[in-house]
Amino acid sequence: MKKTLRFIAVISLIALVFSIFSACGSEDDDSQRNEKRRSVKTEQREKDVKGKRPEHDGKEFTFWTIMDGLSQRAGIVDYNDMLMFKELEKATGVHIRFMHPIAGSSGNEAFITMISSDDRAELVDFNWSAYPGGPQQAIDDGVIIALNDYLKENAPNFYACVSGDEGHFIFREGLADIETSPKYWKAQSTTADGQFYGFNVLNIGTTRGFGGLYIRGDLLKKWGMGIPTNIAEWETVFAKAKSEGIQYPFSSTLDVISFNSYGAQGFNTAYGVGKGVYLENNKVVFAPFQPGYKEYVAKMAEWVKKGYLDPSFSTNDGETVRSHIVNNRAIASWGYIGGDLGTITPAGQKFDPNFEVVACPFPSEADGTPSKYQMTYVEASDRAIAITYNCGNYEKAMQWADYFYSKEGAILNIFGVEGYTFTKEETADRTVYTYTDRITNYHGFNSIEEALYYYMLPCNHPGFNQHPDYLNAYYPFQTQKDALITWNLSSEESKKHAIPSLNFTQDELDGMLDVSYTAEAPLETAINEIIRGEASIDTYDAAIAKAKPEYKTYIKIHQDAYNRYLKKMK
């Protein structure tokens with residue numbers, strides 16, 4: 001991985017030298033200097049590439065994007081076969097020549113091959129935080145263009161979103177939080193220099209959590225027990241499950257138990273600690289160094305010893321865990337509303353019509369204090385459609401991408417074609433969209449998910465994400481709809497602790513990679529050995545002491561990047 005990242009860093013096609021200005025001065029001075037620097041850099045690059053890029057009329061563009069796995073499963077081979085893109089071509093008059101990585105290949109490896117070749121696509125859909133130095137470095141390397149000079153004129157819909165224009169339909173229909181979304185969208189979709197680098201995935205509404213702890217609800221009813229909310233209640237349920245012959249009541253994958261994944265919050269919340277790096281009063285902290293994490297590790301080790309926790313968590317994959325739940329080898333785990341609750345329920349009901357899995361709240365602390373942490377999606381993802389310097393017509397390319405943020409484009413992207421894949425109803429508050437029987441009964445497909453992604457790309461793709469009417473249809477079971485509420489009880493508080501998408505310099509990325517090689521793996525190994533009972537909890541402090549010097553750098557890198565983000569927010 002380290003070699004791969006550093007390889008990308010040296011694929012710069014255009015070397016650019018510019019002056020580094022002093023950091024002191026007023027915010028207005030900084031803004032003027034950044035604007036001047038952007039103008040100089042853009043002007044120089046335009047001179048460098050003038051005559052090299054194949055200018056054209058903008059009627060066709062090459063577009064590199066990884067095909068969604070659900071679309072592949074549904075039978076889509078090329079996105080031009082998809083209803084949404086067929087209609088998009090009619091609406092915009094632009095034909096897209098898709099460059100999809102070969103099915104089963106690594107998206108990052110395919111990206112490296114494409115971006116470093118002479119046949120670089122004109123538009124690229126990618127998670128730009130994975131580019132060394134982030135999207136700012138991709139701009140500086142002459143790979144993608146900064147959109148600032150073109151945005152207002154050529155992408156009025158996207159510009160309206162990030163500038164907070166309440167006249168835009170997404171605000172007018174009450175689908176976005178007017179008080180918070182625009183400032184977060186702008187801060188999270190720009191680089192440290194304040195440059196827009198692409199057309200991002202923009203989350204709308206207030207729902208930010210889509211995963212958490214779940215348990216066999218039918219067994220709780222049978223045993224006359226309620227949904228557990230704290231460690232004591234979980235232990236009571238586990239003891240009952242063991243008495244009923246359940247091998248390991250709780251089974252999971254490594255990310256649920258390990259310290260690395262902030263998204264996979266679990267039993268750690270009962271000890272007042274998060275996961276990975278997160279925020280406490282705007283200061284970056286690292287979970288294993290916080291008071292309470294040792295208690296959490298000790299409790300997990302105790303559960304393994306008692307047979308409550310599956311000791312194979314280090315090697316389990318998601319399919320294995322789901323199989324354990326369906327086949328009564330476990331009764332609880334951590335999962336997602338769609339991929340877990342939505343697939344486990346129908347699989348279990350094939351054997352028992354009463355079978356159900358239900359969401360559990362993130363465990364409260366011993367004194368009853370609610371969890372401060374949950375899985376939290378950012379407001380603007382760093383996945384975005386960027387325009388490369390190979391593009392022959394920047395303006396037309398931006399106009400095409402901007403269609404996803406118009407009312408017509410958003411409806412097409414999320415719901416498809418009226419009368420065919422959806423119907424609509426005007427209410428006092430807003431327009432409500434409902435998928436047709438073609439989707440809800442998924443004729444010819446294995447699931448609603450496959451039907452949706454055969455016709456369109458309604459979620460986690462550039463455009464608007466998590467439309468409430470999409471969520472309502474995507475989650476057909478009442479237990480899934482309930483999970484949306486349960487797993488968002490800590491949503492507002494968790495926003496204060498979750499670190500947003502950050503852009504790192506190449507030196508910072510190198511520094512973090514060095515830590516991952518020298519400190520992360522040994523620390524994770526040491527903690528996992530304690531949990532599995534292969535080492536005593538008495539070895540915990542020594543493992544932490546050994547990791548702290550290295551992680552001091554890791555924490556500082558995140559704090560510096562977060563401070564830059566806060567400056568943008570101002």
Side-chain angles (χ1 to χ4, degrees), residues 1-11 106 108-109 112 127 129-134 136-137 192 253-266 268 273-280 283-298 300-301 313-316 382 497-565:
M1 176 182 177
K2 195 170 185 179
K3 289 181 178 178
T4 299
L5 289 171
R6 283 180 173 148
F7 172 73
I8 303 179
V10 297
I11 65 172
S106 165
N108 286 339
E109 290 179 2
I112 293 169
N127 183 338
S129 64
Y131 190 98
Q136 182 63 57
Q137 193 63 47
T253 54
L254 176 61
D255 58 336
V256 179
I257 304 301
S258 172
F259 60 78
N260 272 324
S261 176
Y262 182 84
Q265 302 292 343
N268 55 287
V273 291
K275 293 280 232 33
V277 286
Y278 59 98
L279 298 170
E280 292 290 0
K283 296 295 182 182
V284 176
V285 299
F286 180 53
F289 299 168
Q290 301 309 297
Y293 201 84
K294 183 179 180 180
E295 292 180 68
Y296 159 71
V297 171
M300 294 301 101
F313 64 85
S314 299
T315 55
N316 283 340
D382 38 24
H497 302 281
I499 295 179
S501 296
L502 300 176
N503 293 319
F504 299 98
T505 67
Q506 183 60 50
D507 286 343
E508 288 172 337
L509 281 167
D510 286 345
M512 288 193 292
L513 282 170
D514 288 340
V515 172
S516 71
Y517 277 97
T518 59
E520 179 184 302
L523 179 60
E524 184 169 58
T525 297
I527 291 178
N528 289 343
E529 286 177 349
I530 294 171
I531 294 175
R532 290 194 300 264
E534 299 162 7
S536 167
I537 188 65
D538 294 336
T539 64
Y540 183 87
D541 292 342
I544 294 299
K546 185 177 180 180
K548 271 191 174 181
E550 294 282 358
Y551 267 98
K552 183 178 180 181
T553 300
Y554 190 87
I555 293 168
K556 184 180 185 302
I557 288 171
H558 278 82
Q559 186 68 59
D560 290 344
Y562 181 65
N563 289 344
R564 292 195 297 266
Y565 170 81

Task: Full working for side-chain contact (heavy atoms from CB on, under 4.5 Å) between D255 and K275 - done: CA-CA 10 Å; D255 58 336; K275 293 280 232 33; over 6 Å; no
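Of the inter-residue distances, the one linking I537 atom CD1 with M300 atom CE reads 11.0 Å to the nearest 0.5 angstrom. For the atom pair CD (E508) and NZ (K556), the distance works out to 8.0 Å, reported to the nearest 0.5 Å. Interatomic distance, R564 CZ to Q136 CD, rounded to the nearest 0.5 Å: 10.0 Å. Atom CG of residue N268 and atom CD of residue Q290 lie 12.0 Å apart, to the nearest 0.5 angstrom. Distance CG/D382 to CG/N127: 4.5 Å, rounded to 0.5 Å. Atom OG1 of T525 and atom CD of E520 lie 10.0 Å apart (nearest 0.5 Å).
Considering all non-hydrogen atoms of both residues, A287 and G274 come closest at CB-O, 3.4 Å. Scanning both residues, Y562 and P500, for their nearest heavy atoms gives CE1-CD, 3.8 Å. In terms of heavy-atom proximity, Q559 sits nearest to V284 at OE1-N, 2.7 Å. Across N528 and S314, no two heavy atoms sit closer than the pair ND2-OG, 4.2 Å. Contact record, I257 with Y296: O-OH, 2.9 Å, taken as the closest heavy-atom pair. Closest approach of Q137 to Y131, counting heavy atoms only: C-CE2, 3.8 Å.
Ring planes of Y293 and F259: perpendicular class, angle over 60° (limits at 30 and 60°). Note on ring orientation: taking the six-membered ring where Trp is involved, the planes of Y554 and Y551 are perpendicular (angle over 60°, cut-offs 30° and 60°).
Between F504 and D560 there is no side-chain heavy-atom pair separated by less than 4.5 Å. Counting only heavy atoms from C-beta outward, the side chains of L279 and V285 never approach each other to under 4.5 Å.
Distance alone, capped at 3.5 Å, places no donor-acceptor pair between the K294 side chain and the D541 backbone. E529 contributes no side-chain N or O that, together with a main-chain N or O of E534, makes up a donor-acceptor pair within less than 3.5 Å. Between the side chain of S258 and the main chain of L254, no donor-acceptor pair closer than 3.5 Å is present.
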